[in-house]
Amino acid sequence: MPISVGFIGLGNMGSRMSARLVQEGYPVHVFDTNAQACERVAEKGAVVHATSKAVADHSECICISLPTPRIVRDVLLGSDGVVHGGKVRRVIDFSTIGPQAAADIAEALAAHDIEYVDAPVSGGIAGAEKGSLAVMVSCGAEAYESLKPIFHIMGKVFYVGDRAGQAQTVKLANNLLSMTALAISSEAMVMGAKVGIDPQLMLDAINAGSGRNTATQEKFPRSILTGTFDFGFGMGLAHKDVKLCVDEADKLGVPMFVGSAVRELYAVARSTQGDEADFTAVCKLIEDWAGGAVRQGQTPSTGS
Ligand code: NAD
(Lines give C-alpha, C1' and ligand atoms only; values in the text may rest on other atoms or scores of the structure.)
Protein backbone atom coordinates (compact mmCIF):
# COMPACT_ATOMS: atom_id res chain seq x y z
CA MET A 1 0.00 0.00 0.00
CA PRO A 2 1.56 3.37 -1.02
CA ILE A 3 1.96 6.02 1.72
CA SER A 4 -0.83 8.55 2.11
CA VAL A 5 0.10 11.81 0.42
CA GLY A 6 -1.23 15.33 0.85
CA PHE A 7 -1.34 18.08 -1.76
CA ILE A 8 -1.87 21.75 -0.90
CA GLY A 9 -2.16 24.35 -3.68
CA LEU A 10 -4.25 23.04 -6.57
CA GLY A 11 -3.66 25.73 -9.19
CA ASN A 12 -2.18 25.47 -12.66
CA MET A 13 0.56 23.10 -11.48
CA GLY A 14 -0.82 21.47 -8.32
CA SER A 15 -4.12 20.38 -9.91
CA ARG A 16 -2.25 18.40 -12.55
CA MET A 17 0.51 17.06 -10.27
CA SER A 18 -1.99 15.87 -7.63
CA ALA A 19 -4.07 14.18 -10.35
CA ARG A 20 -0.97 12.21 -11.40
CA LEU A 21 -0.55 10.92 -7.84
CA VAL A 22 -4.19 9.79 -7.79
CA GLN A 23 -3.71 8.03 -11.14
CA GLU A 24 -0.67 6.22 -9.74
CA GLY A 25 -2.76 4.79 -6.89
CA TYR A 26 -1.77 7.05 -3.98
CA PRO A 27 -4.47 7.99 -1.47
CA VAL A 28 -4.32 11.80 -1.89
CA HIS A 29 -5.63 14.34 0.66
CA VAL A 30 -5.94 17.90 -0.63
CA PHE A 31 -6.65 21.50 0.37
CA ASP A 32 -6.83 24.81 -1.48
CA THR A 33 -8.44 28.09 -0.41
CA ASN A 34 -10.26 28.06 -3.75
CA ALA A 35 -13.27 25.70 -3.42
CA GLN A 36 -13.59 25.21 -7.20
CA ALA A 37 -9.97 24.08 -7.40
CA CYS A 38 -10.75 21.49 -4.69
CA GLU A 39 -13.86 20.26 -6.53
CA ARG A 40 -11.92 19.69 -9.76
CA VAL A 41 -9.35 17.53 -7.97
CA ALA A 42 -12.05 15.71 -5.96
CA GLU A 43 -13.59 14.63 -9.28
CA LYS A 44 -10.29 12.85 -10.05
CA GLY A 45 -10.49 10.92 -6.75
CA ALA A 46 -8.71 13.04 -4.13
CA VAL A 47 -10.14 13.60 -0.63
CA VAL A 48 -10.79 17.28 0.14
CA HIS A 49 -10.13 18.75 3.62
CA ALA A 50 -11.02 22.11 5.15
CA THR A 51 -7.54 23.18 6.30
CA SER A 52 -3.87 22.50 5.74
CA LYS A 53 -3.70 21.06 9.27
CA ALA A 54 -6.41 18.52 8.40
CA VAL A 55 -4.38 17.38 5.37
CA ALA A 56 -1.41 16.94 7.73
CA ASP A 57 -3.56 14.84 10.09
CA HIS A 58 -4.11 12.35 7.23
CA SER A 59 -0.83 12.34 5.26
CA GLU A 60 2.71 11.23 6.05
CA CYS A 61 4.12 13.22 3.17
CA ILE A 62 2.66 16.54 1.98
CA CYS A 63 3.36 18.11 -1.40
CA ILE A 64 2.80 21.84 -1.82
CA SER A 65 2.64 24.03 -4.93
CA LEU A 66 1.92 27.57 -3.73
CA PRO A 67 2.48 31.03 -5.20
CA THR A 68 4.78 32.96 -2.83
CA PRO A 69 7.23 32.49 0.06
CA ARG A 70 4.78 34.22 2.44
CA ILE A 71 1.94 31.83 1.53
CA VAL A 72 4.22 28.81 1.85
CA ARG A 73 5.22 29.99 5.36
CA ASP A 74 1.56 30.52 6.36
CA VAL A 75 0.45 27.14 5.05
CA LEU A 76 3.28 25.27 6.74
CA LEU A 77 3.86 27.24 9.95
CA GLY A 78 0.64 29.28 10.48
CA SER A 79 -2.05 28.67 13.10
CA ASP A 80 -4.00 26.18 10.93
CA GLY A 81 -0.82 25.00 9.26
CA VAL A 82 0.81 21.69 8.40
CA VAL A 83 3.12 21.89 11.41
CA HIS A 84 0.14 21.20 13.72
CA GLY A 85 -0.92 18.01 11.92
CA GLY A 86 -0.62 14.65 13.66
CA LYS A 87 0.63 12.39 10.86
CA VAL A 88 2.95 14.44 8.64
CA ARG A 89 6.68 13.58 8.61
CA ARG A 90 7.87 15.16 5.35
CA VAL A 91 6.96 18.15 3.16
CA ILE A 92 7.90 18.23 -0.52
CA ASP A 93 7.86 21.86 -1.69
CA PHE A 94 7.35 22.10 -5.46
CA SER A 95 6.91 25.90 -5.24
CA THR A 96 9.46 28.51 -6.29
CA ILE A 97 10.27 30.51 -3.15
CA GLY A 98 14.02 31.23 -3.31
CA PRO A 99 16.91 29.73 -1.31
CA GLN A 100 16.62 31.87 1.84
CA ALA A 101 12.93 31.13 2.44
CA ALA A 102 13.54 27.42 1.79
CA ALA A 103 16.40 27.27 4.30
CA ASP A 104 14.44 29.22 6.95
CA ILE A 105 11.34 27.06 6.56
CA ALA A 106 13.40 23.84 6.65
CA GLU A 107 14.87 24.94 9.98
CA ALA A 108 11.47 25.85 11.45
CA LEU A 109 9.96 22.50 10.40
CA ALA A 110 12.95 20.52 11.67
CA ALA A 111 12.22 21.90 15.14
CA HIS A 112 8.91 19.96 14.90
CA ASP A 113 10.55 16.80 13.52
CA ILE A 114 9.23 17.43 10.03
CA GLU A 115 11.67 17.21 7.13
CA TYR A 116 11.46 19.85 4.38
CA VAL A 117 12.33 18.66 0.88
CA ASP A 118 13.25 21.42 -1.56
CA ALA A 119 11.91 20.33 -4.97
CA PRO A 120 11.02 23.17 -7.37
CA VAL A 121 9.96 22.15 -10.87
CA SER A 122 10.16 23.44 -14.43
CA GLY A 123 8.25 22.49 -17.56
CA GLY A 124 4.92 24.33 -17.23
CA ILE A 125 1.41 22.96 -17.17
CA ALA A 126 2.13 20.67 -20.13
CA GLY A 127 4.98 19.05 -18.18
CA ALA A 128 2.84 18.81 -15.03
CA GLU A 129 0.08 17.07 -16.98
CA LYS A 130 2.34 14.59 -18.77
CA GLY A 131 4.77 13.94 -15.91
CA SER A 132 7.68 15.39 -17.88
CA LEU A 133 8.76 18.18 -15.52
CA ALA A 134 12.38 18.81 -14.55
CA VAL A 135 12.33 18.19 -10.78
CA MET A 136 15.28 19.78 -8.95
CA VAL A 137 15.74 18.25 -5.50
CA SER A 138 17.87 19.10 -2.48
CA CYS A 139 17.38 17.30 0.84
CA GLY A 140 18.93 14.58 3.00
CA ALA A 141 19.95 11.45 1.08
CA GLU A 142 17.54 9.19 2.97
CA ALA A 143 14.52 11.37 2.21
CA TYR A 144 15.59 11.56 -1.42
CA GLU A 145 15.82 7.78 -1.73
CA SER A 146 12.45 7.13 -0.11
CA LEU A 147 10.62 9.87 -2.05
CA LYS A 148 12.07 8.95 -5.46
CA PRO A 149 8.86 7.17 -6.58
CA ILE A 150 6.91 10.44 -6.10
CA PHE A 151 9.52 12.54 -7.95
CA HIS A 152 9.53 10.08 -10.86
CA ILE A 153 5.74 10.45 -11.23
CA MET A 154 6.34 14.17 -11.84
CA GLY A 155 9.20 13.91 -14.32
CA LYS A 156 12.97 13.80 -14.65
CA VAL A 157 14.76 14.17 -11.32
CA PHE A 158 17.99 16.07 -10.57
CA TYR A 159 19.41 15.62 -7.05
CA VAL A 160 21.49 18.80 -6.70
CA GLY A 161 22.51 18.73 -3.05
CA ASP A 162 21.64 17.86 0.54
CA ARG A 163 20.66 21.35 1.78
CA ALA A 164 17.31 23.08 1.46
CA GLY A 165 17.71 26.08 -0.86
CA GLN A 166 20.21 24.53 -3.28
CA ALA A 167 17.47 23.30 -5.59
CA GLN A 168 15.85 26.75 -5.43
CA THR A 169 19.08 28.31 -6.72
CA VAL A 170 19.05 26.01 -9.77
CA LYS A 171 15.36 26.74 -10.36
CA LEU A 172 15.85 30.54 -10.16
CA ALA A 173 18.69 30.30 -12.67
CA ASN A 174 16.47 28.26 -14.99
CA ASN A 175 13.62 30.75 -14.78
CA LEU A 176 15.89 33.75 -15.30
CA LEU A 177 17.01 32.14 -18.55
CA SER A 178 13.48 31.24 -19.62
CA MET A 179 12.08 34.69 -18.80
CA THR A 180 14.98 36.42 -20.52
CA ALA A 181 14.43 34.32 -23.64
CA LEU A 182 10.78 35.39 -23.71
CA ALA A 183 11.62 39.08 -23.17
CA ILE A 184 14.36 39.31 -25.79
CA SER A 185 12.41 37.18 -28.29
CA SER A 186 9.47 39.59 -27.90
CA GLU A 187 11.71 42.52 -28.82
CA ALA A 188 13.11 40.65 -31.83
CA MET A 189 9.73 39.41 -33.08
CA VAL A 190 8.08 42.84 -32.82
CA MET A 191 10.96 44.29 -34.84
CA GLY A 192 10.17 41.76 -37.59
CA ALA A 193 6.45 42.59 -37.46
CA LYS A 194 7.22 46.28 -37.90
CA VAL A 195 8.88 45.67 -41.26
CA GLY A 196 6.07 43.39 -42.44
CA ILE A 197 7.62 39.94 -42.03
CA ASP A 198 5.18 37.04 -41.52
CA PRO A 199 5.74 36.07 -37.85
CA GLN A 200 5.37 32.34 -38.52
CA LEU A 201 8.00 32.53 -41.25
CA MET A 202 10.26 34.50 -38.94
CA LEU A 203 9.85 31.87 -36.18
CA ASP A 204 10.55 29.05 -38.64
CA ALA A 205 13.79 30.73 -39.70
CA ILE A 206 14.90 31.42 -36.13
CA ASN A 207 14.00 27.91 -35.00
CA ALA A 208 16.18 26.50 -37.80
CA GLY A 209 18.96 28.88 -36.76
CA SER A 210 21.04 29.73 -33.71
CA GLY A 211 18.56 32.10 -32.08
CA ARG A 212 16.05 29.38 -31.19
CA ASN A 213 14.93 29.10 -27.57
CA THR A 214 11.92 28.00 -25.49
CA ALA A 215 10.04 31.21 -26.35
CA THR A 216 10.45 30.89 -30.12
CA GLN A 217 9.83 27.12 -30.04
CA GLU A 218 6.88 26.96 -27.62
CA LYS A 219 5.54 30.26 -26.25
CA PHE A 220 5.25 32.24 -29.50
CA PRO A 221 3.58 29.48 -31.55
CA ARG A 222 1.20 28.38 -28.79
CA SER A 223 0.21 31.58 -26.98
CA ILE A 224 1.42 34.74 -28.76
CA LEU A 225 0.88 34.19 -32.50
CA THR A 226 -2.55 32.81 -31.60
CA GLY A 227 -3.30 35.89 -29.44
CA THR A 228 -4.56 33.57 -26.69
CA PHE A 229 -1.90 34.45 -24.05
CA ASP A 230 -2.71 31.26 -22.16
CA PHE A 231 0.60 29.47 -21.58
CA GLY A 232 -0.37 28.90 -17.93
CA PHE A 233 2.09 30.93 -15.84
CA GLY A 234 0.95 34.15 -14.18
CA MET A 235 2.68 37.52 -14.67
CA GLY A 236 2.81 38.04 -10.89
CA LEU A 237 4.64 34.72 -10.47
CA ALA A 238 7.01 35.48 -13.37
CA HIS A 239 8.02 38.81 -11.84
CA LYS A 240 8.38 37.15 -8.41
CA ASP A 241 10.82 34.59 -9.83
CA VAL A 242 13.08 37.07 -11.65
CA LYS A 243 13.06 39.36 -8.61
CA LEU A 244 13.99 36.46 -6.27
CA CYS A 245 16.82 35.55 -8.65
CA VAL A 246 18.29 39.06 -8.96
CA ASP A 247 17.95 39.63 -5.18
CA GLU A 248 19.79 36.36 -4.53
CA ALA A 249 22.56 37.24 -7.01
CA ASP A 250 22.90 40.64 -5.33
CA LYS A 251 23.30 38.96 -1.95
CA LEU A 252 26.00 36.68 -3.38
CA GLY A 253 27.85 39.57 -5.05
CA VAL A 254 27.14 38.24 -8.55
CA PRO A 255 26.45 41.01 -11.10
CA MET A 256 23.27 40.63 -13.14
CA PHE A 257 23.26 43.43 -15.71
CA VAL A 258 20.91 41.59 -18.06
CA GLY A 259 18.89 40.02 -15.23
CA SER A 260 18.20 43.45 -13.71
CA ALA A 261 16.86 44.76 -17.01
CA VAL A 262 14.65 41.69 -17.39
CA ARG A 263 13.32 42.14 -13.83
CA GLU A 264 12.36 45.75 -14.62
CA LEU A 265 10.59 44.71 -17.82
CA TYR A 266 8.44 42.17 -15.93
CA ALA A 267 7.80 44.72 -13.15
CA VAL A 268 6.32 47.12 -15.72
CA ALA A 269 4.33 44.34 -17.42
CA ARG A 270 2.96 43.27 -14.03
CA SER A 271 1.94 46.79 -13.07
CA THR A 272 0.26 47.49 -16.42
CA GLN A 273 -1.38 44.07 -16.98
CA GLY A 274 -1.89 42.72 -13.47
CA ASP A 275 -0.81 39.58 -11.60
CA GLU A 276 -3.35 37.32 -13.32
CA ALA A 277 -2.25 38.10 -16.90
CA ASP A 278 -0.32 35.26 -18.51
CA PHE A 279 3.44 35.96 -18.59
CA THR A 280 3.50 35.61 -22.39
CA ALA A 281 1.63 38.94 -22.41
CA VAL A 282 5.00 40.60 -21.71
CA CYS A 283 5.17 40.67 -25.53
CA LYS A 284 2.14 43.02 -25.55
CA LEU A 285 4.19 45.61 -23.70
CA ILE A 286 6.70 45.72 -26.56
CA GLU A 287 3.91 45.54 -29.17
CA ASP A 288 2.00 48.47 -27.61
CA TRP A 289 5.13 50.58 -27.39
CA ALA A 290 6.20 49.79 -30.95
CA GLY A 291 2.71 49.80 -32.52
CA GLY A 292 2.99 46.36 -34.19
CA ALA A 293 1.49 43.02 -33.14
CA VAL A 294 2.99 39.56 -33.67
CA ARG A 295 -0.08 37.55 -34.71
CA GLN A 296 -0.77 34.73 -37.11
CA GLY A 297 -2.62 35.84 -40.23
CA GLN A 298 -2.38 39.51 -39.30
CA THR A 299 -1.74 41.77 -42.26
CA PRO A 300 1.89 42.60 -41.78
CA SER A 301 2.46 46.15 -40.57
CA THR A 302 4.85 48.34 -42.53
CA GLY A 303 4.81 51.01 -39.82
CA SER A 304 7.35 53.79 -39.38
P1 NAD B 1 -1.48 29.18 -9.30
O2 NAD B 1 -1.64 30.59 -8.87
O3 NAD B 1 -2.13 28.69 -10.54
O4 NAD B 1 -1.94 28.19 -8.11
C5 NAD B 1 -1.68 28.44 -6.75
C6 NAD B 1 -2.79 27.79 -5.94
O7 NAD B 1 -2.50 28.01 -4.55
C8 NAD B 1 -4.17 28.40 -6.21
O9 NAD B 1 -5.10 27.38 -6.52
C10 NAD B 1 -4.51 29.12 -4.91
O11 NAD B 1 -5.91 29.13 -4.63
C12 NAD B 1 -3.74 28.28 -3.90
N13 NAD B 1 -3.51 28.98 -2.64
C14 NAD B 1 -3.14 30.27 -2.44
N15 NAD B 1 -3.05 30.53 -1.12
C16 NAD B 1 -3.36 29.37 -0.47
C17 NAD B 1 -3.43 29.01 0.90
N18 NAD B 1 -3.15 29.89 1.87
N19 NAD B 1 -3.78 27.74 1.21
C20 NAD B 1 -4.06 26.83 0.23
N21 NAD B 1 -4.01 27.12 -1.08
C22 NAD B 1 -3.67 28.38 -1.43
O23 NAD B 1 0.11 28.94 -9.36
P24 NAD B 1 0.89 27.85 -10.23
O25 NAD B 1 1.13 28.40 -11.58
O26 NAD B 1 0.24 26.53 -10.06
O27 NAD B 1 2.32 27.87 -9.47
C28 NAD B 1 2.47 27.30 -8.18
C29 NAD B 1 3.97 27.34 -7.83
O30 NAD B 1 4.70 26.61 -8.83
C31 NAD B 1 4.54 28.76 -7.83
O32 NAD B 1 5.52 28.84 -6.82
C33 NAD B 1 5.17 28.88 -9.21
O34 NAD B 1 6.21 29.83 -9.24
C35 NAD B 1 5.65 27.47 -9.46
N36 NAD B 1 5.73 27.04 -10.87
C37 NAD B 1 4.75 27.36 -11.77
C38 NAD B 1 4.87 26.92 -13.11
C39 NAD B 1 3.83 27.24 -14.17
O40 NAD B 1 4.14 27.09 -15.36
N41 NAD B 1 2.62 27.65 -13.81
C42 NAD B 1 5.97 26.16 -13.48
C43 NAD B 1 6.92 25.81 -12.53
C44 NAD B 1 6.80 26.27 -11.23
Side-chain angles (χ1 to χ4, degrees), residues 6-20 29-42 46 48-56 62-83 85 91-99 101-102 105 118-130 132-136 154-156 167-168 170-179 182 214-215 218-219 222-223 229-245 266 270 274-280:
F7 213 113
I8 303 173
L10 308 169
N12 282 324
M13 299 298 283
S15 59
R16 293 168 169 90
M17 294 167 83
S18 58
R20 290 193 60 78
H29 300 267
V30 299
F31 172 64
D32 192 296
T33 43
N34 178 334
Q36 282 173 336
C38 289
E39 275 165 34
R40 280 193 292 270
V41 178
V48 177
H49 295 272
T51 62
S52 297
K53 177 191 173 299
V55 172
I62 297 186
C63 305
I64 60 173
S65 178
L66 294 159
T68 65
R70 186 187 59 73
I71 292 175
V72 170
R73 262 194 205 95
D74 282 356
V75 164
L76 295 179
L77 304 167
S79 56
D80 248 343
V82 163
V83 77
V91 170
I92 304 178
D93 189 359
F94 291 122
S95 327
T96 308
I97 60 170
I105 290 168
D118 185 14
V121 297
S122 176
I125 57 176
E129 183 121 18
K130 285 186 277 185
S132 61
L133 293 168
V135 188
M136 296 149 257
M154 303 306 168
K156 196 166 178 185
Q168 289 290 330
V170 180
K171 165 66 180 169
L172 291 184
N174 175 83
N175 277 29
L176 176 71
L177 294 172
S178 162
M179 242 75 92
L182 177 58
T214 51
E218 294 164 28
K219 284 147 200 144
R222 217 188 294 163
S223 299
F229 299 100
D230 59 353
F231 203 77
F233 187 47
M235 189 70 84
L237 297 182
H239 175 241
K240 170 206 67 170
D241 286 0
V242 193
K243 186 173 179 325
L244 281 171
C245 185
Y266 282 92
R270 181 182 191 174
D275 281 9
E276 303 311 319
D278 193 78
F279 82 137
T280 52

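In each ligand, atom 1 is the first atom listed, and ligand 1 is the first ligand listed. Remember, predicted model here, so these are calculated numbers, not experimental data. These numbers come from the heavy atoms of this one structure, side chains and all, not from hydrogens, waters or symmetry mates.
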Residue [X] vicinity, atoms of ligand 1 by number, heavy atom under 4.0 Å:
X: S95; result: 32 (O)
X: K171; result: 43 (C), 44 (C)
X: F31; result: 19 (N), 20 (C)
X: G9; result: 7 (O)
X: N34; result: 11 (O)
X: G124; result: 40 (O)

Working for side chain to side chain contact (heavy atoms under 4.5 Å, CB included), residues K240 and L244: CA-CA 6 Å; K240 170 206 67 170; L244 281 171; 4.0 Å; yes
For atom 29 (C) of ligand 1, the option (of D241, I71, L66) bearing the nearest heavy atom: L66
Reported [atom1]-to-[atom2] distance for the pair [X] and [Y], which is rounded to 0.5 angstrom:
X: L76; Y: L66; atom1: CG; atom2: CG; result: 7.5 Å
X: D93; Y: Q168; atom1: CG; atom2: CD; result: 6.5 Å
X: N34; Y: E39; atom1: CG; atom2: CD; result: 9.0 Å

So is G234 in contact with ligand 1, going by heavy-atom distances below 4.0 Å? no
Is the closest heavy-atom distance from D74 to ligand 1 below 4.0 Å? no
Counting both backbone and side chain atoms, is some N or O of G14 under 3.5 Å from an N or O of ligand 1? no
Nearest heavy-atom pair of [X] and [Y]: which atoms, and what distance?
X: G85; Y: A56; value: CA-CB, 3.6 Å
X: T51; Y: A54; value: OG1-N, 3.0 Å
X: A238; Y: F233; value: CA-CE2, 3.6 Å
X: Y266; Y: H239; value: C-CD2, 4.0 Å
X: L172; Y: C245; value: O-SG, 3.7 Å
X: A101; Y: P69; value: CB-CB, 4.0 Å

Among all protein non-hydrogen atoms, which one is nearest to [atom], and what is the separation to 0.1 Å?
atom: atom 16 (C) of ligand 1; result: T33 OG1, 3.5 Å
atom: atom 8 (C) of ligand 1; result: D32 OD2, 3.5 Å
atom: atom 18 (N) of ligand 1; result: V75 CG2, 3.6 Å
atom: atom 34 (O) of ligand 1; result: K240 NZ, 3.0 Å
atom: atom 3 (O) of ligand 1; result: N12 N, 2.9 Å
atom: atom 27 (O) of ligand 1; result: L237 CD1, 3.7 Å
atom: atom 30 (O) of ligand 1; result: S65 OG, 3.7 Å
atom: atom 41 (N) of ligand 1; result: G232 O, 2.9 Å

With D32, the side-chain contact (heavy atoms from CB on, under 4.5 Å) member among C38, S52, S18, S65: C38
Backbone N/O of S223 and side chain of E218: donor-acceptor pair under 3.5 Å: no
Report the part of L10 (side chain from C-beta onward, or backbone N, CA, C, O) that has a heavy atom under 4.0 Å from ligand 1; answer both or neither where that applies. backbone
